[in-house]
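Order of the sequence lines fixes the chain letters, A, B, ..., with proteins taken first and strands second; residue numbering starts at 1 for each chain.
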Number of protein chains: 2
Amino acid sequence: MRILLVEDDAEVARFVKKGLQEAGHTVEHAANGRDGLFLAASEGFDVLVLDRMLPGGVDGVRLVETLRGQGNRCPVLFLSALTAVDERVKGLKAGGDDYLTKPFAFAELLARVEALGRRPSAEVPTTRLKVADLELDLLSRTVTRAGRKIEVQPREFRLLEHLMRHAGQVVTRTMLLEKVWDYHFDPQTNVIDVHVSRLRHKLDKGFDRPLIHTVRNAGYMIRAQA
Amino acid sequence: MRILLVEDDAEVARFVKKGLQEAGHTVEHAANGRDGLFLAASEGFDVLVLDRMLPGGVDGVRLVETLRGQGNRCPVLFLSALTAVDERVKGLKAGGDDYLTKPFAFAELLARVEALGRRPSAEVPTTRLKVADLELDLLSRTVTRAGRKIEVQPREFRLLEHLMRHAGQVVTRTMLLEKVWDYHFDPQTNVIDVHVSRLRHKLDKGFDRPLIHTVRNAGYMIRAQA
DNA sequence: CCTCCACCAGCAGGATCCGCATGGGTGTTC
DNA sequence: GAACACCCATGCGGATCCTGCTGGTGGAGG
């Protein structure tokens, strides 16, 4: 399970991250709200674990409200030293799904995180993928960036879908050949390069931040940051 | 929101039920696990609020396990006097979604219940259409009848989708021209007939009961019966 | 500086797909 | 029963669209 932990206390962060990883999950960590929001918005996580209070302008509640405003429904667990009922209610009302107060037992955190991850899109097939301001709608077979529709060919669509399903991760050429081309051998050509190029042309043209990144000697990766 | 409350303590039950109702929800109450399980299994609730310990053979955890075993994914909030971490973990692991210990503030219960109800299948777009043994999967763009895959061309797919979205209703040629061909005039040809014919050929061939029916002087209709 | 890797523009083959026309069938009406 | 209207099926031609390859260029890394 891919989990994003936003926590400024380094000690707590280390502890939680380690524990979740030992339970077999992938954990990304952000130390402040701004970075957390950015990551949460640009990559697909199964669960968000947020400290209620964070340094900088963006605290936990603010972060969730922003996400929800963007249509992001990723389940959120708040972690907080604020134990007052009012605080908890505030967190949940803002769009949080659970609220755990410090100090907490790690076993309970784990159980709650897994409970959150268990429910959401388990069974509900994803119908739209999102990376930063790029959206791909599986139903209408439509691609939009910053609200502007982008025409894409079938193969390009499959390619993009595969990249977006692994946003933030490197996708190797071999994987692409297997999954997008159904090739189980090396065609000895640069088919992939060509299609990636075409996709780039359509997606990143006219935008400052490119989304498709080359990982030399490895493959490609799609994500927001450079 | 439809909520099922399973709680043996009459006093707590009354208190919770009243509060939830005042918040605008519909509440059913069961005083023991057996009745609760029966209700939960037979009616559709948005959220279940379960006492962790219940009289009779069926306690809260048992109830959830049974439901989950039946494929029921209705969100569950446990209410319990057992505060030990182990107990909470047990409840969550059994398939619970949240765990609140008594005594609790009603405001928090309400917030948590609403958080649970907020998340589930709210707004799940239809991803597959079904008419008799004919299925159309919008995501994979796949058509199957009686389990056997049927290859369909893009335009045929759009045509079939439109017919199935209006299953049991007559679809006029004009509607089809508008919605499937984006024509806003009469092309004076039999384009539609041709495509319907092709679709019939693929769908109804080899099956006793045809699904696509002609409505003379009106249009077409898809449905199971003759 | 050299080498390798990746990028991109252009090209041409191919395949798919689509719409039309025709001829035949069936139901309806007089 | 004949004429008509509506609908069905098949084959064909065309056009678009898509795709993959080639080959030269640019840039990163060593």
Side-chain N or O of [X] versus OP1/OP2 of [N]: is the shortest distance under 4.0 Å?
X	N	value
B/His195	C/dG19	yes
B/Trp181	C/dG19	yes
B/Gln153	C/dC18	yes
A/Ser197	C/dA9	no

So what does B/Phe157 touch, heavy atoms closer than 4.0 Å: a base, only the sugar-phosphate, or nothing?
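Here B/Phe157 touches no strand at all.
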Indicate, with a heavy-atom threshold strictly under 4.0 Å, whether B/Val194 touches base, sugar-phosphate, or nothing.
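Base: the residue B/Val194, judged by heavy atoms under 4.0 Å, touches a nucleobase.
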Please state how far atom [atom1] in [X] lies from atom [atom2] in [N], giving the value in whole angstrom units.
X	N	atom1	atom2	answer
B/Ile192	C/dC20	CD1	P	11 Å
B/Asn190	C/dG25	CG	C1'	15 Å
A/Leu203	C/dC7	CG	C1'	16 Å
B/Glu156	C/dC18	CD	P	7 Å
A/Arg216	C/dC4	CZ	C1'	7 Å
B/Gln188	C/dG19	CD	C1'	14 Å
B/Arg198	C/dC20	CZ	P	11 Å
A/His213	C/dC7	NE2	C1'	16 Å

Within the supplied structure, the quantity of interest is the number of heavy atoms (other residues, nucleotides, ligands) at a distance under 6.0 Å from B/Phe207 CZ; does it exceed 12?
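Yes, enclosed.
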When you look at NZ of B/Lys202, are more than 12 heavy atoms from neighbouring residues, nucleotides or ligands closer to it than 6.0 Å?
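Counting neighbours around NZ of B/Lys202, more than 12 heavy atoms of other residues, nucleotides or ligands fall under 6.0 Å, so yes.
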Please lay out, stage by stage, how B/Arg112 and A/Asp98 fare under the test salt bridge (Lys or Arg N to Asp or Glu O under 4.0 Å).
CA-CA 7 Å; B/Arg112 287 187 179 268; A/Asp98 203 343; 2.6 Å; yes
Check whether the ring centres of A/Trp181 and A/His195 lie less than 6.0 Å apart, and answer yes or no.
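Under 6.0 Å, so yes.
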Quick one: CE on B/Met164 to CG on B/Leu159, what's the gap to the nearest 0.5 Å?
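Reported to 0.5 Å precision, the distance equals 11.5 Å.
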Approximate separation, where rounding is to 0.5 Å, of A/Arg52 CZ and A/Glu7 CD
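Interatomic distance, A/Arg52 CZ to A/Glu7 CD, rounded to 0.5 Å: 13.5 Å.
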So, B/Thr174 side chain and B/Thr172 main chain: donor-acceptor pair closer than 3.5 Å or not?
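No; judged by distance alone, with no hydrogens or angles, the pair does not exist.
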Without swapping roles, check the side chain of A/Ser197 against the backbone of A/Asp193 for a donor-acceptor pair under 3.5 Å.
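No, because the side chain of A/Ser197 does not come within donor-acceptor range (under 3.5 Å) of the backbone of A/Asp193.
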Restricting to non-hydrogen atoms, name the atom on B/Val113 and the atom on B/Met1 that form the minimum distance, rounded to 0.1 Å.
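Scanning both residues completely, I find the closest heavy atoms to be O-SD, 4.5 Å.
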Expected output is a numbered-order residue list: members of residues 171-178 of chain B with a heavy atom under 4.0 Å from any atom of DNA chain C. What is it?
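Nucleic-acid contacts, sorted: none.
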Where does the chain B footprint on DNA chain D start and end, counting 5' to 3' with a 4.0 Å heavy-atom cut-off?
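Terminal contacting nucleotides, 5' to 3': D/dA5 to D/dG11.
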